[in-house]
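All values below were derived from every heavy atom in this structure, side-chain atoms included, with hydrogens, water molecules and symmetry-related copies excluded. Just so you know, residue 1 is the first one in the sequence shown, and it goes up from there.
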Amino acid sequence: MTTPLELDDIQGLVTRGYRTLTSACFLVLATAGPAATARAALGRLAPRVTNGLSGPPDTAVNVALTADGLRRLGLEPPGLDGFPYEFVVGMTDPDRSRFLGDVGENAPRHWRWGGPAGPPVHVLVMLYARDGQRLRQLEAETRREVLVPGAFTETARLGTAELTDREPFGFRDGISQPLVEGLPKAALAAGDGGTDGEQVVRAGEFVLGYPNEYGLLTDRPLLPTRHDPVGVLPSAPEGGADFGRNGSYLVFRQLRQDVEAFRDYLDAETRRPDGSSDPAAQQALAARMVGRWPGGAPLVRAPEHDDPALATDNGFGYHATDPAGLRCPLGAHIRRANPRDSLDPRPGSADSVAVGRRHRLLRRGRPYGPDGTGDGPDAHGLHFLALNANISRQFEFIQHTWLDNPNFNGLHDGPDPIVAPRQERRTTFTEQGRPFRTRHVGLPQFVTVQGGAYFFLPGLKALHYLCTAVPEGGRQ
């Protein structure tokens, strides 16, 4: 039985990607004084925060906090005891950096924001609007409310490009999203009885306080009842006040995409015998590296050419149609990020699909261009935002075990051809084929991390509690 989602207490970013709000910016803030002053400023913004009930007409506001931000606002143990280790130590912890491949060019010491040598990161305010004018107005109002003396200072302002259906490398984006049980799209997909129903994932994989794919409640921060004497927070079935319920963990990474290097590599790898460029071959190689054509059609369904009729197709598997990777290479990006039914146990079975559902992300990223990032006059990239209830089992597992792993799916020297760090190894991308495979060697690094942090996206009651109630032992 599906547990109804408390949409009035869940931030709207969880339930939708705000596709109609094409303008956005992100304010990365640090506290600048006493906890009480910062809480009061955040409390002025809290009534604006958008919930998950209905689509916002013109604007949306969402708020998330790092573990250090929660401490600075006064939440001390035992409140922090229920948060996972990876969230508490943060993305730039040396062990986490090595695990995520954040070394070399990706090392946090090089980051524009969020790195150990830069200004602190405590609060993330995400602003969305239907157009640029409304966004500028919303940003000005937000700044007046929170950037006041003694409350917060600005660590970074991260602008975005106008939202379209394409990411900077030119591919249709946002196609393969899990469908969250309890939301209307999931109900429709499950009722169809087709493969789209395999994309339905239990809400507890993304929202704390609901059953996950194991049928369990993911660990979350609970407080003794005495810390919430007026009952702002919901009661936990285990006892106590549930600070985590209806919250989620937000992974934010600013990823710079070297579009010129990507195009140059494709051109160099596909030149004709006479040395001339072959645009069709370039597009075909790019598609095999990604696993979809630029228009969106998956190679497993359209191996020879793009097909507009399949532009948003997401209801497919790999095992029955393409177990050997002859249509879509085994190491292609989308085959790594979501292996569907292709991995153990028993590829092609429901058990294989079930494993994949335990490692899904809700992606809420936004592209950026040269304007508003401070990342160089020709910089393009993606503000990667992903929601999950278990950072270690979801985001970090995908990054380390599927994307960065050169031995993924039987390969031996081929990490993800698009997003993986190259480090010092000789990176190869292999196209399976008969009678011979094709190996592309020496892939440059196309994507570089420019900043990032782990955030907690609280439910609205938890946000209200944080802004108005002083936990026992908390700082004033």
Work out which heavy atom in [X] is nearest to a heavy atom in [Y]; give both atom names and the distance.
{"X": "Y265", "Y": "P444", "result": "CD1-CD, 3.5 Å"}
{"X": "L138", "Y": "A60", "result": "CD2-O, 3.8 Å"}
{"X": "L21", "Y": "P56", "result": "CD1-CG, 3.7 Å"}

Do the side chains of [X] and [Y] get close enough for a salt bridge, i.e. N-O under 4.0 angstrom?
{"X": "E238", "Y": "R220", "answer": "yes"}
{"X": "E213", "Y": "R357", "answer": "yes"}
{"X": "R245", "Y": "D9", "answer": "no"}
{"X": "R130", "Y": "D58", "answer": "yes"}
{"X": "R253", "Y": "D102", "answer": "yes"}

Would you say the side chain of [Y] lies within less than 4.5 Å of the side chain of [X], judging by non-hydrogen atoms?
{"X": "V290", "Y": "I334", "value": "yes"}
{"X": "D131", "Y": "T22", "value": "no"}
{"X": "F26", "Y": "R157", "value": "no"}
{"X": "F206", "Y": "P178", "value": "yes"}
{"X": "H383", "Y": "T160", "value": "yes"}
{"X": "D264", "Y": "E260", "value": "yes"}
{"X": "R439", "Y": "F429", "value": "no"}
{"X": "L29", "Y": "T153", "value": "no"}

Counterpart residues, side-chain hydrogen bond (donor to acceptor under 3.5 Å, both in side chains), relative to W113 (two or more places apart)
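W113: side-chain hydrogen bond (donor to acceptor under 3.5 Å, both in side chains) contacts with Q254.
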
Taking side-chain hydrogen bond (donor to acceptor under 3.5 Å, both in side chains) as the test, write out the residues that go with E141, two or more places apart.
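If we apply the side-chain hydrogen bond (donor to acceptor under 3.5 Å, both in side chains) test to E141, skipping adjacent residues, the hits are R48, Q137.
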
Report the residues that fulfil salt bridge (charged side-chain N to carboxylate O under 4.0 Å, His left out) with [X], sequence neighbours left out, ordered by chain and then residue number.
{"X": "E431", "answer": "R288"}
{"X": "R98", "answer": "D95"}
{"X": "R364", "answer": "none"}

Quiz question: by atom type and distance under 3.5 Å, do the side chains of [X] and [Y] form a donor-acceptor pair?
{"X": "R360", "Y": "Q177", "result": "no"}
{"X": "T31", "Y": "H122", "result": "yes"}
{"X": "Q11", "Y": "T50", "result": "no"}
{"X": "N212", "Y": "T218", "result": "yes"}

For the CG atom of L135 and the OG1 atom of T142, what is their distance to the nearest 0.5 Å?
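With rounding to 0.5 Å, CG (L135) is 9.0 Å from OG1 (T142).
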
Identified side chain to side chain donor-acceptor pair (under 3.5 Å) counterpart of E167 within the set H380, R366, Q257
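Single pass found, and it is Q257.
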
Side-chain donor/acceptor pairs under 3.5 Å, residues 168-176, sequence neighbours excluded:
from	atom 1	to	atom 2	distance (Å)
R172	NE	G295	O	2.7
R172	NH1	D165	OD2	3.1
S176	OG	N314	OD1	3.3
S176	OG	N338	ND2	3.4
S176	OG	R340	NH2	3.4

Using the side chain to side chain contact (heavy atoms under 4.5 Å, CB included) rule, take V123 and T66 through it: C-alpha gap first, then chi angles, then the decisive distance, then the call.
CA-CA 6 Å; V123 175; T66 63; over 6 Å; no

Give the ring-plane orientation class for Y128 versus Y18, where under 30° counts as parallel, over 60° as perpendicular and anything between as tilted.
tilted

Is there a ring pair (Phe, Tyr, Trp, His ring centres under 6.0 Å) between Y454 and F87? Walk through the geometry before answering.
CA-CA 6 Å; Y454 289 147; F87 170 73; 7.6 Å; no

Q133 atom CD: more than 12 heavy-atom contacts under 6.0 Å:
no

Please confirm whether the ring centroid of Y249 lies under 6.0 Å from the ring centroid of F456.
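For Y249 and F456, the ring centres are under 6.0 Å apart.
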
